[in-house]
Amino acid sequence: MELDVQDIVAWIEKSNENIQANKEYLTTLDQEIGDGDHGINMARGFQEAAAKIAEQTYTSSADVLKDTAMTLMSKVGGASGPLFGTAFLKLSTAANGMDPISYETFTNGLEEAVNGLKQRGKATEGEKTLVDVWSQMMNYFKHETDFHAETIAEKAKKAMEDTKDMMATKGRAAYFKERSVGSIDPGSASSFYIFQALADIVERRA
Amino acid sequence: MELDVQDIVAWIEKSNENIQANKEYLTTLDQEIGDGDHGINMARGFQEAAAKIAEQTYTSSADVLKDTAMTLMSKVGGASGPLFGTAFLKLSTAANGMDPISYETFTNGLEEAVNGLKQRGKATEGEKTLVDVWSQMMNYFKHETDFHAETIAEKAKKAMEDTKDMMATKGRAAYFKERSVGSIDPGSASSFYIFQALADIVERRA
Amino acid sequence: MKKIINDPNQVVQDMVSGMAAAHPDELKQLFGTTVMVKKNAPIANKVGIVSGGGSGHEPAHAGYIGKGMIDAAVAGEVFTSPTPDQIFEAIKAVDSGAGVLLVIKNYTGDVLNFDMAAELADAEGIAVDKVVVNDDVAVDERVSRRGIAGTVFVHKMAGAKAEQGGSLEEVKAAAEKTVQNVRSMGMALSPCTVPAAGKPSFQLDENEMEIGIGIHGESGIERKVMTTAVDIAKELTDKVLNDFDFSGNVAVMVNGLGSTPEMELYIVNQKVQSILAEKGITIYKTFVGDYMTSLEMAGCSVTLLKLDDELKQLLDEPSQALAFRS
Amino acid sequence: MKKIINDPNQVVQDMVSGMAAAHPDELKQLFGTTVMVKKNAPIANKVGIVSGGGSGHEPAHAGYIGKGMIDAAVAGEVFTSPTPDQIFEAIKAVDSGAGVLLVIKNYTGDVLNFDMAAELADAEGIAVDKVVVNDDVAVDERVSRRGIAGTVFVHKMAGAKAEQGGSLEEVKAAAEKTVQNVRSMGMALSPCTVPAAGKPSFQLDENEMEIGIGIHGESGIERKVMTTAVDIAKELTDKVLNDFDFSGNVAVMVNGLGSTPEMELYIVNQKVQSILAEKGITIYKTFVGDYMTSLEMAGCSVTLLKLDDELKQLLDEPSQALAFRS
Ligand SMILES: Nc1ncnc2c1ncn2[C@@H]1O[C@H](COP(=O)(O)OP(=O)(O)O)[C@@H](O)[C@H]1O
Ligand SMILES: Nc1ncnc2c1ncn2[C@@H]1O[C@H](COP(=O)(O)OP(=O)(O)O)[C@@H](O)[C@H]1O
Ligand SMILES: [Mg+2]
Ligand SMILES: [Mg+2]
Ligand SMILES: [Mg+2]
Ligand SMILES: [Mg+2]
């Protein structure tokens with residue numbers, strides 16, 4: 001299966017829907033082990049990204065992903081703005097001139113995204129950050145050969161839930177030390193909604 | 001009946017006891033139609049006055065009353081400090097060289113006190129201030145010929161309660177206008193406790 | 001009641017010593033009193049200015065001590081006028097022979113206690129005069145209006161005039177002109193708790209606000225349904241504008257009552273400025289911050305001061321007071 | 001949630017325009033941004049200083065703009081680091097060719113966004129450097145310590161050095177020396193509410209306090225039973241003293257988190273000063289007030305800065321920032 005420009009546009013739209021629907025929940029998660037702005041930040045950023053994309057007609061997936069990246073970068077703020085911005089920028093670079101996007105291209109993009117996130121955030125797996133979701137998804141994508149809606153959503157959910165038992169060593173949650181154990185990482189939850197949106201697009205496509 | 005120096009000392013002590021016992025109530029009254037410090041102010045002032053008087057042996061009632069006046073003046077603050085200070089200062093002046101204090105001397109003192117209060121406070125009867133209690137008490141004293149414990153207490157209580165239906169036109173309570181109706185004036189309540197203490201002394205004497 | 005204090009009955013003493021310890025180059029505490037005096041007072045040939053009132057209005061009043069503003073501040077108990085003996089000590093400490101002006105807020109207690117202190121000073125041959133600040137338009141009758149945030153401008157103008165070498169009469173005239181030209185109106189979102197009382201002075205529901213609040217934790221003139229910053233700014237500003245003709249130049253003060261974030265004060269200011277602009281009133285200078293507070297009360301007040309050339313010039317004079325630098 | 005605001009999502013925009021309206025002689029807002037810049041920036045031959053962070057810390061950061069302090073402040077959403085594009089605009093607005101120093105508080109978000117802005121500036125050939133403030137001893141590991149009230153001293157020292165004509169390297173060195181010598185510790189009595197979130201970040205009982213609080217409404221390192229000002233001052237000061245050798249001269253800051261009455265801050269200061277006196281540490285200067293806040297949070301922090309001759313001299317230089325006059 002391949003994803004065309006319309007699918008990528010739909011992905012961003014659906015991601016926005018998921019984030020908006022779970023804005024309060026994300027904020028609650030961030031109140032537990034952060035400063036309580038994550039839902040607000042992500043909702044503001046994705047709203048703007050979706051609006052920006054709705055304004056235009058795209059012929060290249062890379063452009064959609066780049067506009068998303070730049071909008072997140074300039075509208076989200078906080079730790080998550082530059083991080084999600086980086087992830088989508090890397091996806092965009094990988095997609096450049098590759099329309100429609102093959103499974104392999106998408107997987108390459110994911111790998112670049114994970115590298116970018118780790119570099120920006122100076123974080124690695126197991127530190128209870130969104131890296132945990134993106135990295136597990138990359139591993140999963142690498143071991144498969146095609147998009148499977150149901151397992152994408154399942155895997156992302158599991159990766160998010162796995163952060164619950166971790167102790168944070170990066171970001172604000174790290175100030176809480178042991179007390180950070182038992183809460184889901186907010187950035188991982190947003191990441192889950194993004195992959196859940198992807199799963200939806202894949203399903204619709206199938 | 002006459003009041004000697006020991007009676008006057010006992011009066012101040014008993015006034016202090018009454019004020020301390022009703023400190024919170026006085027503050028609550030002042031929270032309704034003032035700034036909520038009246039009980040605190042009066043308790044601080046009378047505590048100091050009683051302490052000052054306990055330190056010394058007096059041979060003149062005027063001195064007891066003067067020390068009370070000066071202590072109230074320098075320790076109470078607010079509107080009530082200078083007012084109660086003035087009242088006791090006038091009582092002291094009237095008592096000067098008149099030990100033991102006759103009913104007539106006391107009544108003269110009360111009259112001077114009321115004049116002093118009216119002058120200082122630029123207030124008259126019916127403005128829902130302590131003037132209402134002191135003035136009614138003066139009138140009552142003028143129509144009697146000797147101290148009567150029970151009626152002193154009754155009259156003072158009634159004078160205090162009469163302030164409930166008045167609308168304040170002086171002091172902080174005046175800001176509340178119509179809304180000041182329905183609450184007892186805090187300064188009148190303290191004044192009642194002072195006359196109630198006097199009644200107790202008279203009773204003990206009898 | 002949750003407060004960072006030791007003994008509720010010692011808060012004023014503790015505050016005053018903490019303040020003296022913090023600013024040894026600017027302030028000194030008069031021994032055995034809660035009077036704070038400018039370090040180098042009395043200043044030869046300068047009229048001394050004494051202000052004060054209950055505590056709980058910080059930075060008022062000691063924060064306004066400094067070159068170009070006041071010389072001494074008398075701190076009463078929380079929300080309680082200070083006593084005549086303490087005020088008298090302040091007067092003596094700042095009198096250089098040029099006389100002393102008392103800046104009094106129009107509360108029975110303040111007026112009575114300052115008046116008695118003035119009588120004591122008089123008896124000792126010190127020239128004293130006074131102005132009574134009554135800027136609060138929440139109260140209808142001018143004679144019973146409270147002194148609130150406008151007092152800060154009175155400190156500023158009197159202080160500048162005194163610094164310029166004005167006589168007691170001239171300093172009083174500048175202060176009096178300020179009193180005549182300043183109006184304020186306040187509102188609150190929440191009450192405050194006097195430490196020794198231990199409980200808040202009144203209760204407000206989540207959707208209520210008090211309009212026409214003073215600065216002593218008392219409830220206001222009217223209870224209303226909570227609304228937006230724009231509506232609040234409009235209500236306060238209109239009330240002030242309706243009371244006096246402010247056409248020409250004004251100084252604006254958006255004052256926080258204690259726990260209102262500066263963010264909210266600036267949001268209010270945005271609307272205040274646009275209302276004044278619409279009316280063609282020229283804003284000469286704006287002050288936004290906590291200038292005259294009520295402990296931890298949430299809320300704000302809007303003050304306008306109409307400026308003529310003299311007041312403009314006095315406003316522009318430098319001030320080195322801790323809470324009012326210009 | 002009870003706040004004097006209009007739209008919870010517009011508080012930063014509203015605040016910034018209210019601020020620009022209040023101080024037209026001192027500040028200008030960069031068109032279409034929430035960046036506030038010194039009116040006459042860039043100053044020829046002077047290193048520019050850009051600070052910023054989430055909003056809700058007022059007077060930080062725009063209150064520190066002024067001669068002798070910083071040149072621009074970037075206001076993010078409430079408690080949210082500002083974005084690289086806005087920071088980049090600030091850098092461009094203050095660069096006179098002498099280079100720009102970024103003062104960053106050590107939060108992932110701030111570091112990431114300022115770093116990206118620095119990369120953008122680099123690409124345009126602007127010389128930029130940075131210091132990362134990490135004064136909060138509540139966090140054990142130095143590398144992950146937050147930047148809190150100590151940031152104000154970093155603004156002061158860097159600003160004074162830049163005003164003296166220091167090169168970017170020298171300005172950075174002064175800022176870095178300040179970072180190395182400053183430590184803070186905070187506590188809270190009550191949480192605060194981010195307007196867009198609508199509910200408080202955590203709950204505290206009437207007899208509880210949070211020790212080791214940051215400035216973003218997050219809960220602290222430890223929850224304890226509420227105690228006296230003396231105990232609180234001791235706990236905060238001891239923690240700071242145990243982290244670093246402050247023998248010699250220090251500057252002290254007792255900072256309010258937003259709704260703590262100045263009275264309480266001075267009461268805390270009283271004890272802080274006596275602890276330092278006992279240890280033979282000399283207090284060169286003391287600052288008491290709301291310098292780095294968390295909206296309407298109640299609580300305070302204690303900051304100590306060890307001073308050598310250079311830092312003393314930089315501290316003494318005049319500052320005309322609205323929230324820090326000296
Ligand atoms: N160093 C880091 N590396 C990767 N991800 C991080 C890092 N720090 C924080 N995050 C992610 O960012 C999320 C928090 O985002 P957000 O609340 O929007 O920003 P902030 O923490 O600045 O308030 C965390 O839940 C975590 O997933
Ligand atoms: N002008 C006045 N004349 C006479 N009594 C007054 C006047 N103003 C106030 N009072 C009395 O003072 C009382 C308030 O005292 P208190 O609460 O101690 O002072 P404050 O009003 O300054 O807080 C009132 O209840 C009233 O009885
Ligand atoms: Mg967050
Ligand atoms: Mg009272
Ligand atoms: Mg009072
Ligand atoms: Mg944040």
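Please read all numbers here as calculations on a predicted model, not as lab measurements. Every chain is numbered from 1 and lettered A, B, ... according to where its sequence line falls, protein lines coming before strand lines.
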(message) Closer than 3.5 angstrom, by distance alone: can the side chain of D:K3 be matched with the main-chain N or O of C:A229 as a donor-acceptor pair?
(response) no

(message) For chain C, which candidate among D:E206, D:K271, D:Q273 shows the most heavy-atom pairs at distances under 4.5 Å?
(response) D:E206

(request) Please state whether the side chain, the backbone, both or neither of D:I232 comes within less than 4.5 Å of a heavy atom of chain C. (result) side chain

(message) Does any backbone or side-chain atom of D:L204 lie under 4.5 Å from a heavy atom of chain C? Answer side chain, backbone, both or neither.
(response) both

(request) Under 4.5 Å heavy-atom distance to chain C, tell me which part of D:P59 shows up: side chain, backbone, both or neither. (result) both

(message) Which atoms of D:V252 are under 4.5 Å from chain C, going by heavy atoms: the side chain, the backbone, both sets, or neither?
(response) neither

(message) So for D:H57, is it side chain, backbone, both, or neither that comes closer than 4.5 Å to the heavy atoms of chain C?
(response) neither

(message) If you define the side chain from C-beta out and look only at heavy atoms, does anything of D:I5 sit under 4.5 Å from C:E264?
(response) yes

(request) Would you mind checking which part of D:V230 comes under 4.5 Å of any heavy atom in chain C, side chain (CB onward), backbone (N, CA, C, O), both or neither? (result) both

(request) Among D:M263, D:E296, D:E58, single out the residue with the greatest number of heavy-atom pairs under 4.5 Å to chain C. (result) D:M263

(message) Less than 4.5 Å apart, side chain to side chain, heavy atoms only: is that true for D:I267 and C:V11?
(response) yes

(request) Quick one: which of C:S17, C:P261, C:S294, C:A22 has the most heavy-atom pairs under 4.5 Å with chain D, could you say? (result) C:A22

(request) Name the region of D:M187, side chain, backbone, both or neither, that has any atom closer than 4.5 Å to a heavy atom of chain C. (result) side chain

(message) Just so I understand: if I count every heavy-atom pair under 4.5 Å between each of D:E208, D:K285, D:M297 and chain C, which residue has the most?
(response) D:E208

(message) With a 4.5 angstrom heavy-atom cut-off, is it the side chain or the backbone of D:M226 that approaches chain C, or both, or neither?
(response) side chain

